[in-house]
Amino acid sequence: MEITMKKVMRLVSVQLWAVMGDMLSIGNNRKKKPKMLYAGVLFFTLLMSGVSFFYSLMIGSGLKMYGSLELLPAMIMAVTCMIILMTTIFKVKGTIFGFRDYDMVMSLPVSTGVIAASRLIILYALNFMFVIIVMIPMMIAYGILAKPDILFYIISIVSLFFIPLLPIVIASFLGTLIAYAASKFRHSNIFSILFSLGFLVVIVVSSFFVGDNGKELVDMSKALTRQTNRLYPLARMYTNAVVNYDILEFLKFLGVSFVAFLLYTILVKRVFKKMNTLMMTGSYHVNYQLGQLKTSSPFKALYFKELKRYFSSTLYVINTGFGILMLTIGSFAIIFVDLDKIFGSTQATDALVKGIPMYLSFCIIMTCSTMASISLEGKNIWIIKSMPVTPKTVYLSKIAVNLTIISPAVIDTIIIGVVLKLDFWKTIILLLLTITCAFFISFYGLLMNLLLPNLKWTSEVVVIKQSAASMITIFSAIGYIGIQFIFNILIPSAVLATLGYVLLTVVIDIILYVILMNYGSKRYYAL
Amino acid sequence: MLKITNFSKSYKSDKKAVDQLNLEVNSGDIFGFIGHNGAGKTTTIRSVAGVLDFEEGDIMIDGISIKKDAVACKQKMAYIPDNPDLYEHLTGIAYLNFIGDIFQINKMDRETLIKKYADEFELTQNLGDTISSYSHGMKQKLAIISALIHRPKLLILDEPFVGLDPKAAHTLKTIMAGLCKEGSAIFFSTHVLEVAEKICNKIAIIKGGKLVSCGTTEEVRGNSSLEDVFMELIEE
């Protein structure tokens, strides 16, 4: 038993370091590992904890004013569980099933059960780290505001270990279903992408409509909590345990989480080898007959290769296409809803119209496939590097794919202009905003990926979601939207503010393009 | 066809992986590049193929410096690495067509040559499958076919026989000989000394990044076997 545990923990430590190394994009230089890894983990932890603390403090202060502070722990816990659920769905493939070093790990003289356990612990460890980063600052914030009994801290700390369990189980079932379907049927990735996007849209849209009858924060929080408790009874148990010190509810919370995870562990152990084999075996079509071949230019060939790569990964589509999907849903939704009725007054609609440029740029900037497109070449990088094409052609093909993904935004913008009855020039300015932001994020993401490439990844999830290039691109791009916010504050005219922001983005686009084509070309040869 | 002059390459440490390498491969040559693991073969080959950047020396392909015009050089050559990592999400035929587009091979030549080489390597019936379903040997065959369909003047291969079944290895050797008869040049690394001895007209042996022997196969091996010469040189 002791030897088995040692083996499990040894496997976990090796694989966890590899995952975290990939996350911080030090895959190309393993010698930098300890210092950069520690510094990176510390920085990320502090940043996220700080954000969580201030959010908790702000929301908690608001709730306290209305005498509803007891809602805070459940709210933060529910949000944490939701994030775990959404992120773990796409971690299942690559962590438990279909991970790249599967062959190597399975050939080690350890049992399948040990390997399956090590993979589950990795999944748990990654989510547990997230729980600590979010929940401990919440506990401190709640402690400051509510000055609770010592029992609150004891129950909360014990609960930390159990919070990620059920979301992992639910996400794993959904994730396995998606990954299995994608591996089993030809072109089934489309099904997988649609299913995943549909799931995310349902979550986001339902969260918009959950606060049915109130504008006040407390009413909304109460409605949200009611809804959460109905959908996720563990949130109710958790609240009763940490706020009301209900030991029975606390034990129920621990018991349900633990039993669900235990059953899941037994199931994974049983199907681990079978599922991995199924997912790694492609479908065969014997007796292929050569037919006529279509020819195209090198640029077109690279473009379609890149587009196929994009749609071959559900994770890639979900993480980079969600912004444009929300924009499209939003723009079509306003055709069918009466904005004055929803927002109560014409002033509210006006405020919405003023917020439209920021919503547009936010959704577009969240749509960035280029931030991972170099890293995703991975071990295949030799193919493009040995081809008779310039770095410029390669870069333009990657940029063109991102622009293609964003392209529905042009129609969305026109719809917004028509539905909100904007005049011709305002619609043109919005279109210019859409186009300049699309170029900005495509150029910027590519440049970040060239500066922080990771070609030695073992699971594409770390490149797409957790790599330094992806994180820095998204966070700094959100910061760039902050500039738009400042423009809106400083310039009273919304039209002039947007125009000013468009002009600034044009200048930045030109600078980024020049950097990409000069410095970027040199980086290409150094990859 | 290939001229390497004073080529050196060092990685981040001070030690040079390749040190002042000079060699020349002419049209019609099958040039074997031999050395033990870590001797600098792959570094040299990757630099010749334009995959690896280098600072010292120069590499000329058909009279053009790869430093000055990499695209023109790459248009004339084909490279197959020691591990054929290909685009797993593409089917075999989609990958070959992609290479055809990149090298701008006309439709008729493309269809004819894909058929010819896919039949010779017995891969035609699998071309409709995604590469992710291929075995190592099948991927190696596909990489070889993709290198041959654009009729390269210079073929650069890193351990091309690893993973190939005996029949495919024989097919490759025949194709290599045929290409050289047509005026192309082949520069390849191998650990299989018997193969090198049998098919190469020129051989170079590299040790610790430095060339220790270079010439025609007869000159290099003298009266001994290539294996004896190799063992003697690397143990010195």
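Note on naming: letters A, B, ... go to the chains in the order of the sequence lines (proteins, then strands), and numbering restarts at 1 for each one.
Proximity to chain B (any heavy atom under 4.5 Å) is shown, for A:Ile384, by both the backbone and the side chain. Both the backbone and the side chain of B:Leu127 come within contact range of chain A, with heavy atoms under 4.5 Å apart. With a 4.5 angstrom heavy-atom cutoff, B:Ala72 does not touch chain A via any of its atoms. Contacts of B:Gln75 with chain A are made by both backbone and side-chain atoms, with heavy-atom separations under 4.5 Å. With a 4.5 angstrom heavy-atom cutoff, B:Ala94 touches chain A only via side-chain atoms. Residue B:Leu96 does not touch chain A at all, counting heavy-atom pairs closer than 4.5 Å. Interface remark: B:Leu86 contributes backbone and side-chain atoms alike to the contact with chain A (heavy atom separation under 4.5 Å).
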Begin with the C-alpha distance, continue with both residues' side-chain angles, and end with the deciding distance and a verdict on side chain to side chain contact (heavy atoms under 4.5 Å, CB included) for B:Thr91 and A:Tyr288.
CA-CA 11 Å; B:Thr91 60; A:Tyr288 173 80; over 6 Å; no
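Annotation: side chain of B:Asn106 is not in contact with side chain of A:Thr295 (no heavy-atom distance under 4.5 Å). Inter-residue side-chain proximity for B:Leu52 and A:Tyr525 is flagged as unmet; no heavy-atom pair is nearer than 4.5 Å. By the 4.5 Å heavy-atom criterion applied to side chains, A:Gln292 and B:Lys107 are counted as neighbours. With contacts defined as side-chain heavy-atom distances shorter than 4.5 Å, the pair A:Arg309/B:Tyr87 does not qualify. Within the 4.5 Å cutoff, the side chain of A:Lys300 has no heavy atoms near those of the B:Asp101 side chain.
Note: B:His89 NE2 to A:Leu376 CG = 10.0 Å, rounded to the nearest 0.5 Å. Rounding to the nearest 0.5 angstrom, the gap separating the CD1 atom in B:Ile156 from the OG atom in A:Ser386 is 9.0 Å. B:Glu88 CD to A:Lys379 NZ: the interatomic distance, rounded to the nearest 0.5 Å, is 9.5 Å. Remark: B:Ile102 CD1 to A:Lys305 NZ distance equals 8.5 Å, nearest 0.5 Å.
Taking B:Val51, B:Asn83, B:Ile114 one by one and counting their heavy-atom pairs under 4.5 Å with chain A, the maximum is reached by B:Val51.
Counting heavy atoms of neighbouring residues, nucleotides and ligands inside a 6.0 Å radius, atom NZ of B:Lys173 exceeds 12 of them.
Between A:Pro388 and B:Phe103, the shortest heavy-atom contact is CD-CZ, 3.4 Å. The heavy-atom pair separating B:Gln104 from A:Ser297 by the smallest distance is NE2-CA, 3.8 Å. Taking each heavy atom of B:Tyr79 and A:Trp382 in turn, the nearest pair found is O-CZ3, 3.6 Å. Scanning all heavy atoms of the two residues, the minimum distance from B:Lys74 to A:Met387 falls at CD-O, 3.1 Å. For the pair A:Thr390 and B:Val71, the tightest heavy-atom approach, listed with the atom from each and the gap, is CG2-CG2, 3.7 Å. Of all heavy-atom pairs spanning B:Asp85 and A:Ile383, the tightest one is O-CD1, 3.7 Å.
Remark: the backbone N or O of A:Leu293 is paired with a side-chain donor or acceptor of B:Glu111 at under 3.5 angstrom.
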